[in-house]
Amino acid sequence: MRVSPPTIEEFAFHIELWSDDDLRVDETLAVAKNIRVAQAAYNEAVRGQEGRIVKLRHGARVILTDETRRHQSS
C-alpha cells in the first residue's frame with residue numbers, strides 16, 4: 001500500500017509573513033499539525049523577521065502576532 005505525502009491543507013497551523021500594510025500574506029514560513037511545534041516555529045520566525053508582521057494562524061483565526069510589538073517600536 002502506497003501512502004501519499006501530506007498536503008498543506010492537512011497542516012492546521014500556518015506561520016506567515018505578512019505585507020507591511022497587513023493586507024496579504026507575502027510568504028508562508030512554516031506549517032505544522034501541532035500547536036507546540038507551530039509556536040516554536042513562530043518564535044523563531046519572529047526573531048528572524050524583525051520589523052515584519054509575523055502571524056501564527058489556525059484557519060482564519062490569528063493565534064499569535066507580533067504586529068503590536070512592531071508598531072510600538074516605530
Side-chain angles (χ1 to χ4, degrees):
M1 175 185 214
R2 186 169 184 212
V3 178
S4 299
T7 63
I8 196 163
E9 290 82 20
E10 294 179 59
F11 294 91
F13 301 96
H14 292 228
I15 296 83
E16 301 165 334
L17 185 61
W18 281 66
S19 61
D20 289 336
D21 58 10
D22 199 17
L23 295 177
R24 68 186 177 286
V25 177
D26 278 347
E27 184 178 354
T28 299
L29 301 172
V31 293
K33 290 184 178 182
N34 178 297
I35 185 62
R36 291 180 192 244
V37 173
Q39 285 174 321
Y42 169 83
N43 290 334
E44 286 302 312
V46 168
R47 282 191 206 89
Q49 300 291 336
E50 192 170 325
R52 298 288 309 272
I53 301 170
V54 179
K55 295 182 182 184
L56 167 56
R57 294 193 318 143
H58 182 259
R61 187 179 82 183
V62 175
I63 297 173
L64 292 170
T65 183
D66 69 326
E67 181 183 3
T68 52
R69 184 174 27 177
R70 184 178 73 93
H71 288 298
Q72 290 172 350
S73 64
S74 299

Quiz prompt | Results of side chain to side chain contact (heavy atoms under 4.5 Å, CB included) for Leu64 - residues two or more places apart only | solution =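 Listed in chain order: Gln39, Tyr42, Leu56.
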Exercise. Check side chain to side chain contact (heavy atoms under 4.5 Å, CB included) between Glu44 and all other residues, then give those that pass, not counting sequence neighbours.
Key: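 For Glu44, the residues satisfying side chain to side chain contact (heavy atoms under 4.5 Å, CB included) (neighbours in sequence not counted) are Arg47.
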Quiz prompt | Single-linkage hydrophobic cluster Val37~Leu29, side-chain heavy atoms < 4.5 angstrom | solution =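 Hydrophobic grouping puts Val37 apart from Leu29.
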Quiz item: Do Ile15 and Ile35 share a hydrophobic cluster, counting only Ile, Leu, Val, Met, Phe, Trp and Tyr and linking them when any side-chain heavy atoms are less than 4.5 Å apart?
Solution: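 Ile15 and Ile35: one cluster.
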Quiz prompt | By side chain to side chain donor-acceptor pair (under 3.5 Å) - contacts of Asn34 (at least two apart) | solution =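 Here no residue qualifies.
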Exercise. Report the distance from atom OG of Ser19 to atom CZ of Arg52, rounding to the nearest 0.5 Å.
Key: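 Reported value, rounded in 0.5 Å steps: 8.0 Å.
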Quiz item: If every non-hydrogen atom of Lys33 is compared with every non-hydrogen atom of Phe13, which pair is closest and at what distance?
Solution: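 Shortest heavy-atom contact: O-CE1, 3.5 Å.
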Self-check item: Closest non-hydrogen atom pair, Ala30 against Ala41
Solution: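 Looks like CB-CB, 4.1 Å.
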Exercise. Determine the sole option in Asp22, Leu17, Asp66 for which the side chain to side chain contact (heavy atoms under 4.5 Å, CB included) test with Lys55 is passed.
Key: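 So, applying the side chain to side chain contact (heavy atoms under 4.5 Å, CB included) to Lys55 and each of Asp22, Leu17, Asp66, only Asp22 qualifies.
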Exercise. Please list all pairs passing the salt bridge (charged side-chain N to carboxylate O under 4.0 Å, His left out) test where one or both residues lie in residues 56-65, with sequence neighbours left out.
Key: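 Output for this query lists Glu16-Arg57.
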